[in-house]
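For ligands, and for the atoms within them, numbers begin at 1 and follow the listed sequence. Each residue takes its place number in the sequence, starting with 1.
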Amino acid sequence: MSQSFAAIILAAGQGTRMKSALPKVLHEVAGLPMLAHVVRAALRAGAGRIVVVVGHGRELVEKELASRFGGAVETVVQHEQKGTGHATRCAMEALVDHVGDVVILAGDVPLLESEAIASLVLAKSAAKKKLSVLTSHLDDPAGYGRILRDAHGHVVGIREHKDASDHERAIKEWNTGVYCVDASFLRESLARLDTKNAQGELYLTDVVAMAAEVGGSASVSWSAESVAGVNDRAQLAELERTMRLRLATHFARMGVTIRDPETCYLGAEVTIEPDAVIEPNVHLRGKTIVRTGARLDTGVVLDDVEVRAGAVVKPYTVAQKSVIGEAAQVGPFSHLRPDSVLGPDVHIGNFVETKKTTLGKGSKANHLAYLGDGIVGEKVNVGAGTIFCNYDGFQKHTTVLEDGCFIGSDSQLIAPITIGKNAYVGTGTTVTKNVPEDALAISRVKQDNKLGYASRLRERMRALAAAAQREKAQQAELERAQMAAELEKAPTE
Ligand code: UD1
Ligand code: CA
């Protein structure tokens with residue numbers, strides 16, 4: 001193909017039926033705004049320029065587009081929504097110099113594949129027409145524009161549902177609202193549109209009848225599931241489900257074991273390599289990457305996490321913006337907060353929370369610990385109940401554990417602090433001073449065993465409890481008597 005096409009995405013409508021403060025096209029499907037899905041499809045299909053027509057909630061829409069796509073997407077404002085033809089006119093003001101094809105898409109059709117766009121572009125050039133239109137079939141396409149064909153089967157126009165006769169409404173082929181049009185033909189045709197229709201709008205669909213005057217249109221039929229639009233949140237949920245199954249099937253075909261596609265929630269930007277295993281009820285969000293041979297057990301929720309080859313993430317582990325190293329083991333019930341970087345063979349066990357902490361090869365924190373703002377070397381053992389005391393109420397401080405050191409259970413490491421190479425911190429120690437290499441740090445009150453004292457202690461406790469019980473009973477009796485006396489004195493009517 002000589003020149004890449006330009007894409008126009010219509011997204012100025014309000015989407016009243018969403019009943020939302022958020023513009024319709026910013027509602028998410030598989031963790032990505034609907035509009036972003038459409039932009040991605042256009043880019044993948046090879047669009048050279050993308051112009052989005054914004055109107056309702058345009059500040060939010062523009063901000064979202066800029067943050068996701070930067071300069072790759074332009075916007076034009078349609079101040080009043082006077083119809084799809086008017087919206088396309090607005091977009092063409094940004095494309096005055098464009099020569100060649102223009103693909104027109106809607107911002108609320110998020111499941112459309114780039115292949116549909118590519119086929120439409122190809123169909124137009126293969127048939128040497130001014131226009132090609134993407135159609136679909138439904139038993140009852142109520143609400144949609146119907147595709148009108150002549151006796152030879154050539155497309156001659158589109159009739160909107162509201163303008164259609166009963167005979168036309170019986171047509172099962174409907175207009176998906178996706179077109180590929182020659183730019184100069186589009187300019188001329190848009191200039192000729194009028195509002196003589198049931199809705200008093202400028203209909204983009206009338207361009208199809210104009211194409212019939214100059215050689216006709218090509219058409220491509222596509223699956224109804226992929227071209228479904230969103231008008232309310234029930235449809236949004238349906239599309240979410242379709243997308244979920246589509247993503248799960250895609251990765252299954254690529255060699256990933258997805259135990260239960262129905263409950264595997266994959267974001268649109270997630271990557272999973274072959275031979276990874278995903279058990280039921282796993283949520284992978286953001287730009288999560290799961291490398292080959294990794295295994296995610298049930299209930300795992302990962303957001304922007306890289307799980308490296310062969311790692312095992314056990315049930316109900318939650319992690320954000322972290323790296324789980326090769327063959328590492330995490331969970332069950334672990335919480336990796338942002339900037340946790342686990343090296344190869346690291347073990348993080350149940351009820352361990354990490355934050356902004358790196359752990360070197362083979363280090364372990366297997367039970368009940370908080371590791372915040374830490375730099376942990378290789379082969380370090382962090383015992384149960386260890387706390388990195390990183391926050392003094394004003395600032396965060398760093399804990400450094402050098403290679404091979406051992407932190408006994410229930411230790412508090414008061415940062416900033418460094419535990420030297422191969423040092424040993426005795427159980428229950430509150431570490432306030434740096435521990436040199438190979439030293440033993442221990443801070444405990446000396447233990448005192450009072451022989452035979454336990455039973456005497458119990459006797460005293462029992463007596464104290466009985467006395468308290470008696471006192472409570474006496475107090476209650478006193479209050480009852482007082483109440484009775486007051487009632488006696490009270491005047492009667
Ligand atoms: C349009 C088509 C119809 C087709 C249907 C497919 C026309 C006249 N009709 O219907 O044949 O079956 O799409 O969904 O084109 N928009 C604007 N500005 C406007 C009006 C609409 O940006 O002034 C945007 C909307 O935000 C939406 C898209 O264009 O993203 C389609 O608009 P919508 O009102 O949903 O389509 P219909 O007119 O119902
Ligand atoms: Ca409309």
* To do: Check the side chains of T242 and E225 for a donor-acceptor pair under 3.5 angstrom, ignoring hydrogens and angles.
  => no
* For A11, counting its heavy atoms only, list the atoms of ligand 1 lying under 4.0 Å from any of them. => 22 (O), 26 (O)
* Asked: Is H86 near ligand 1, meaning one of its heavy atoms is under 4.0 Å from it?
  -> no
* Shortest non-hydrogen separation from A276 to R291 and the atoms involved -> CB-O, 3.9 Å
* Let me know which of T205, D101, T88 forms a side-chain contact (heavy atoms from CB on, under 4.5 Å) with Y179. => T205
* Asked: Could R146 and E168 be called an ion pair, given the rule that one side-chain N must be under 4.0 Å from one carboxylate O?
  -> no
* To do: Go through ligand 1 atom by atom and flag the ones less than 4.0 Å from a non-hydrogen atom of G83.
  => 19 (C), 20 (C), 23 (O)
* Consider every N or O of A12 and every N or O of ligand 1, then say whether any pair is closer than 3.5 Å. => yes
* Asked: For ligand 1, which part of K82 has a heavy atom less than 4.0 Å away: the side chain, the backbone, both, or neither?
  -> backbone
* Asked: Heavy-atom contacts under 4.0 Å between Q199 and ligand 1: side chain, backbone, both, or neither?
  -> neither
* Asked: Which of the atoms of ligand 1 are close to A87, meaning less than 4.0 Å from one of its heavy atoms?
  -> 17 (C), 18 (N), 22 (O)
* What do you reckon, does G177 have a nitrogen or oxygen under 3.5 Å from a nitrogen or oxygen of ligand 1? -> no
* Is there any N or O on Y179 that sits under 3.5 Å from an N or O of ligand 1? -> no
* Asked: Going by distance only, is there an N or O of G145 that falls short of 3.5 Å from an N or O of ligand 1?
  -> yes
* Any N or O of W174 closer than 3.5 Å to N or O of ligand 1 -> no
* To do: Measure T176 to ligand 1 on non-hydrogen atoms and call it side chain, backbone, both or neither using the 4.0 Å cut-off.
  => backbone
* To do: Would you check whether G13 has a nitrogen or oxygen atom less than 3.5 angstrom from a nitrogen or oxygen atom of ligand 1?
  => yes
* Asked: Looking at A218 and A127, what are the two nearest heavy atoms and their distance?
  -> CB-CB, 4.0 Å
* Asked: Does a salt bridge link E378 with K361, judged by any charged N lying under 4.0 Å from a carboxylate O?
  -> no
* Asked: Hey, which atoms in ligand 1 end up nearer than 4.0 Å to a heavy atom of T205?
  -> 7 (C), 8 (C), 9 (N), 11 (O), 15 (O)
* To do: Flag E160 as yes when one of its N or O atoms lies below 3.5 Å from any N or O atom of ligand 1, and as no otherwise.
  => yes
* contact_flag G229 ligand 1 heavy-atom lt 4.0 Å -> no
* Does K321 come within less than 4.0 Å of D339, counting only side-chain N to carboxylate O? -> yes
* Asked: Would K63 and E59 pass as an ion pair if we require N to O under 4.0 Å?
  -> no
